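A short worksheet on the structure shown next.
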Amino acid sequence: MTRYIFITGGVVSSLGKGLGSAALGALLQARGYKVRLCKLDPYLNVDPGTMSPFQHGEVYVTDDGAETDLDLGHYERFTGVPAKAMDNTTTGRIYTSVLQRERRGDYLGATIQVIPHITNEIQDFIREKDGSADFVLCEVGGTVGDIESLPFLEAIRQFGNEVGQERSLFLHVTLLPYIPAAGELKTKPTQHSVKELMSYGIRPKILLCRADREIAKEELSKIALFCNLEDNKVIPALDVSSIYEVPLTYHAEGLDTAVMDYFGIDDVENLDLSIWEDIVKRVKEPESTVRIGIVGKYTNLADSYKSLNESLIHGGIANNAKVELKFIEAEDLETGDPVDYLKDVHGVLVPGGFGDRGSEGKIKAVQFARERKIPYFGICFGMQMAVIETARNLCGIKGASSTEFGPCETPIVAMISEWVKDGKIEMRDENTDKGGTMRLGAYPAILTPGSKVAEAYGAEEISERHRHRYEVDMDFKEQLEAQGMKISGVSPDGQLPEIVEIEDHPWFIAVQFHPELKSKPFDPHPLFVSYIKAALEQSRLV
Ligand code: GLN
């Protein structure tokens, strides 16, 4: 029997609903339950793929090639359950599907309306998960009261009625703001938010109260009284210094116990959370510190590189090291001297990116790391820039560039118009829609035996997630390899370069895919483990 937990948010956005859902998923897993997490996003975009990372943060890519909300990254990082395309939907997607069916004539005779057609489509999305797990945790994006979330709230209300209280739970995340002048945490916004939710017919049975300081017992009781809840169902959720503490702190406050209690499930005596205890211990008591310089474009919104930041931390966890991230605006390197920005880092990393702006700065960063033998990790765009750098500065191909930046003399990185996916040929040209048409999702790669990358993975066949439109041209293989840049990973048909590495360098690996999407704190990605190890060695040299 699948039980459903619907997670809504009130008062303000950015409450950490996604993280809370992921942590609850991990706590249920620790009891031996199979969990699945999904997210309903109220925005109109069909997927977040074309949204600016400045606005929306990172786009998380699933194995099956969907561009999804970054919360799916939290879910996968905390539970290890690979996210799927069907774990995320948006208003845009729901409407697209209903309207396509209307055009096809599936509803002939009917007037198409938000209720029941849109709400039914949302419920179908939720129902699709039935039987796939013991607990389905379904997060509703946005804040209760937003116009856009109304159909979603109506849909989960109806769904809750259909499956009954024994199989559905509404959990509401709210905020208790601290008012310095009064010296108090305020409960009124929470009361109003619950009232608003009740006006849609949804009665939350557990409240997760976010606050930046301890919430007095009387305040918690007051919330329980005013919001019509049992005392043990109002859970304080205080800020913590590492996100990996969240499962432990929520457990200590009784969140998961409250869920078990609500469903009337006998709870285990002593829950084994040693995995999380070990992770937190390693995060909080590192033996050493390394500093990684990330040369990118979206450096002033922390969420733009969410998975990357976490993967670097995971690499640190594996090496008992604290990883300090130094974000460097690529454009600053274009005019300035890279030494000024990179002299104090033990590793340089150029992450995924799009467009011309800052690209010359990234190329300068690659050159700095290559020449000074500082560990270099290039991810997607960071691989393309590394190849351009070698082509220009070692192979002497001065006009080497990417067609992403417009026509160029030597397009060493160019748009791929044809490639093989699951045995079938996929095609695209300049006029193809921008949304959802990149080379997306998991693709296998074959590694060169004895290469550094094969050594890091401890394997010669891997599968990693992709999200790119351009590709290094294999025709330049010989010229690059003659200068020491080896293509050490390729697609199974040998057509597409997946990995390059420089032999005569302590650690210079650049990959066309996004390894950061698969790293977990309890299972750090081998490339990040190996890179942080190299950075640690570098830190001992200086
Ligand atoms: N802009 C590059 C491409 O489309 C790289 C994409 C990325 O880094 N994710 O190929």
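Every number for a ligand or one of its atoms is a count from 1 in the order of the listing. Quantities reported herein were computed from a predicted structural model and do not represent experimental measurements.
Between Tyr531 and Trp507, the distance from one ring center to the other falls under 6.0 angstrom. A centroid separation of less than 6.0 Å is found between the aromatic rings of His525 and Tyr457. A ring-centre distance under 6.0 Å is not found for Phe368 and Tyr341.
Inspection of the Tyr244 and Glu310 side chains reveals an N or O donor paired with an N or O acceptor under 3.5 Å. A side-chain donor from one of Ser488 and Glu501 sits under 3.5 Å from a side-chain acceptor of the other.
Note: His466 and His468 have tilted aromatic rings, judged against thresholds of 30 and 60 degrees for the angle between ring planes.
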One pair per line, please: each N/O atom of ligand 1 matched with every protein N/O atom under 3.5 Å away, atom names first, then the distance to 0.1 Å.
unit_1	atom_1	unit_2	atom_2	d
ligand 1	1 (N)	Gly353	O	2.9
ligand 1	1 (N)	Glu404	OE1	2.7
ligand 1	1 (N)	Glu404	OE2	2.9
ligand 1	4 (O)	Arg469	N	2.9
ligand 1	8 (O)	Gly353	N	2.9
ligand 1	8 (O)	Gly353	O	3.4
ligand 1	8 (O)	Phe381	N	3.1
ligand 1	9 (N)	Arg467	O	2.9
ligand 1	9 (N)	His514	NE2	3.1
ligand 1	10 (O)	Gln384	NE2	3.1
ligand 1	10 (O)	Arg469	N	3.1
ligand 1	10 (O)	Tyr470	N	2.8
ligand 1	10 (O)	Tyr470	O	3.4

